[in-house]
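Hydrogens, waters and symmetry mates play no part in the numbers below; they use all other heavy atoms, side chains included. Since we're looking at a predicted model, the values are computed, not measured.
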Amino acid sequence: MAGNPAPADDLPLSGITVVSVEQAVAAPLATRQLADLGARVIKVERPGDGDFARRYDTTVHGQSSYFVWLNRSKESLTLDLKSEEGRGILEELLARADVFVQNLAPGAAARMGLGADDLAKRFPSLIPCAVTGYGSSGPWADRKAYDLLVQCQTGLVSLTGSAQEAARVGVSVADIAAGMYAYSGILTALFTRATRGSVRAVEVSLFEALAEWMSQPAYYTAYSGAQPPRVGTRHATIAPYGTYTAADGRDVLLSVQNEREWAALCERFLGSPDLVGDPRFATGSARVRHREEVDALLAERIAASDSGEVMRLLDSIGIANAPVNDVQQFLEHPVLAGRDRWRDVLLPGGETMTALLPPVDLAGAVPRMGAVPSVGEHTEAILAELGHTPARIDALRARGAV
């Protein structure tokens, strides 16, 4: 777990400055990915407590597991945006920035003159990005949105869990979706500005980001007349595709994607070549209709062998499979170790944590894995860069503007 942060000037987004009035997950995920690739990200936080995600938990050497995931390689500047002086400093920053990201409460950006139209008049080369709950217009523009609320509103929770009980997805999937789309939207806007000279505002809502991810079950429901059922670790519309318990008590997932794989499974794993032509199982749709019979055959066979033996045999005949890992087993996964995906990241207070490299590898570009900032750690340096004297900075701090 070695490796030093890459110099920012060696990375693809070197020279790009991002100012972000951000909190929680979605917007910070978007800007952290920009920072990974060399952008300078100035994170504006409230004086005192800062981003409320700093206090979600204290599990990583006293720091929040959410915050350390989302905020490495950023500079933290505290500003009271309710004060005239705080807003004035933000304006100074925006005059020098390439991108402005905000996920303020509904209506707050417009009230402060930070909406896309207002910004375009004052800063015509600035790319604004708004991350909202349900969009900046429409009937729910003023409604608050959090991840689990959006999972419920999009119907995702109705698809997740067992037949007996619905369940939330175990990670902040709506926030992550919105953060990813905001990131790609910002990159597209930067490319458009560079190649065409035009500036386009970016907006992503949590609801519409997750709505895109719901498209397959939505279309299935719209055209079949019934939504896919909740089937636990099974796949709702493919069979066999699910988990079965081996003799040693470990669950193994396997997936059959086509008729060739089904034939191999019958002949070489189940030892029943006669099942290949059985009309109950001859097509994917037929196997879904007869899922209980398919599952019974596989459950009996897998229960007779240890999980390692089951997975080795499935590998040998080309059937995709996996053990059902817990989180600790994921942390120890041989792919992460074998591909050297862990790096040390400095935390506030001097402790270090091990963090995963971002998943996109760009040839010749080593992602920056810089420190996670403490609240307001870079306030004095940024204000000095803007031309504020030490006396002026002290006065701003005394008045609570920074």
Side-chain angles (χ1 to χ4, degrees), residues 3-23 26-45 50-51 67-79 81 86 88-103 114 119 122-131 179 182-194 199 201-202 343 345-348 355 357-358 360 362 364-388 393 402:
N4 296 317
D9 56 6
D10 288 343
L11 289 169
L13 296 184
S14 168
I16 297 296
T17 297
V18 179
V19 175
S20 190
V21 181
E22 61 179 29
Q23 55 194 359
L29 177 60
T31 58
R32 194 221 73 196
Q33 293 175 96
L34 298 169
D36 289 342
L37 292 180
R40 181 187 188 188
V41 176
I42 298 173
K43 180 183 180 77
V44 177
E45 301 189 69
D51 182 343
F67 193 84
V68 299
W69 162 42
L70 297 164
N71 291 286
R72 64 173 179 253
S73 302
K74 299 180 184 179
E75 300 172 42
S76 174
L77 165 71
T78 52
L79 291 178
L81 296 181
I89 293 168
L90 179 62
E91 295 274 322
E92 293 179 63
L93 287 170
L94 295 181
R96 302 180 178 206
D98 298 282
V99 178
F100 173 59
V101 180
Q102 59 85 11
N103 65 339
L114 299 175
L119 290 172
R122 302 198 305 279
F123 310 108
S125 65
L126 180 70
I127 296 168
C129 175
V131 179
Y183 169 59
S184 63
I186 291 166
L187 293 179
T188 302
L190 285 168
F191 178 80
T192 302
R193 190 185 69 172
V199 175
V202 178
R343 294 293 183 275
V345 170
L346 186 64
L347 300 176
L357 285 168
V360 176
L362 292 177
V366 179
R368 181 171 54 179
M369 301 290 284
V372 176
S374 57
V375 178
E377 178 179 342
H378 303 91
T379 298
E380 282 80 5
I382 293 170
L383 293 178
E385 184 181 336
L386 293 174
H388 295 268
I393 295 170
V402 301

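Listed here is the closest heavy atom pair of P124 and V199: O-CG2, 3.3 Å. Taking both residues in full, the closest heavy atoms of G376 and S76 are given as N-OG, 2.8 Å, listed atom of the first, atom of the second, then distance. The two residues F123 and E91 come nearest to each other via the heavy atoms CZ-OE1, 3.2 Å. L119 and P128 get closest at one heavy-atom pair: CD1-CB, 3.9 Å. Across every non-hydrogen atom of L190 and V99, the tightest pair is CD2-CG2, 4.0 Å. The heavy-atom pair separating L29 from G179 by the smallest distance is CD2-CA, 4.3 Å.
Side-chain contact check for L187 versus L13: some heavy-atom pair is nearer than 4.5 Å. Side-chain contact check for F100 versus V21: some heavy-atom pair is nearer than 4.5 Å. Using a 4.5 Å cut-off on side-chain heavy atoms (C-beta onward), E22 and L70 make no contact. Looking at heavy atoms from C-beta onward, L357 lies out of side-chain contact with V366 at the 4.5 angstrom threshold. In this structure, the side chains of I42 and I382 come closer than 4.5 Å at one or more pairs of heavy atoms. Side-chain contact between K43 and D51 is present, with heavy atoms from C-beta onward closer than 4.5 Å. Residues L37 and V360 form no side-chain contact, since every pair of their non-hydrogen atoms from C-beta on lies 4.5 Å or further apart. Here the side chains of L114 and Q102 are not in contact, with every heavy-atom distance at 4.5 Å or above.
Rounding to the nearest 0.5 Å gives a distance of 7.5 Å between CG of L94 and CZ of R122. Here the straight-line distance linking atom CD1 of I16 with atom CG of L11 works out to 12.5 Å at 0.5 Å rounding. Taken from CG in L347 to CG in N71, the straight-line distance is 11.5 Å, to the nearest 0.5 Å. In this structure, NE2 on H378 lies 12.0 Å from OG1 on T78, to the nearest 0.5 angstrom. The line from CE of M369 to CG of D36 is 6.5 Å long, rounded to the nearest 0.5 Å. Between atom CG of residue L93 and atom CD of residue E385 there is a gap of 8.5 Å, rounded to the nearest 0.5 Å.
Under the 4.0 Å criterion applied to side-chain N and carboxylate O atoms, E45 and K74 are not assigned as salt-bridge partners.
Side chain of D98 to backbone of I127: no donor-acceptor contact under 3.5 angstrom is found. Checked by atom type and distance alone, the side chain of R343 never pairs as donor or acceptor with a backbone atom of R368 at under 3.5 Å. Remark: side-chain polar atoms of T31 are paired, donor with acceptor, to backbone N or O of P28 under 3.5 angstrom. Listed for the S374 side chain is no donor-acceptor partner under 3.5 Å among the backbone atoms of P348. Although no hydrogens or angles enter the test, the distance criterion places no donor-acceptor pair under 3.5 Å between the side chain of S14 and the main chain of D10.
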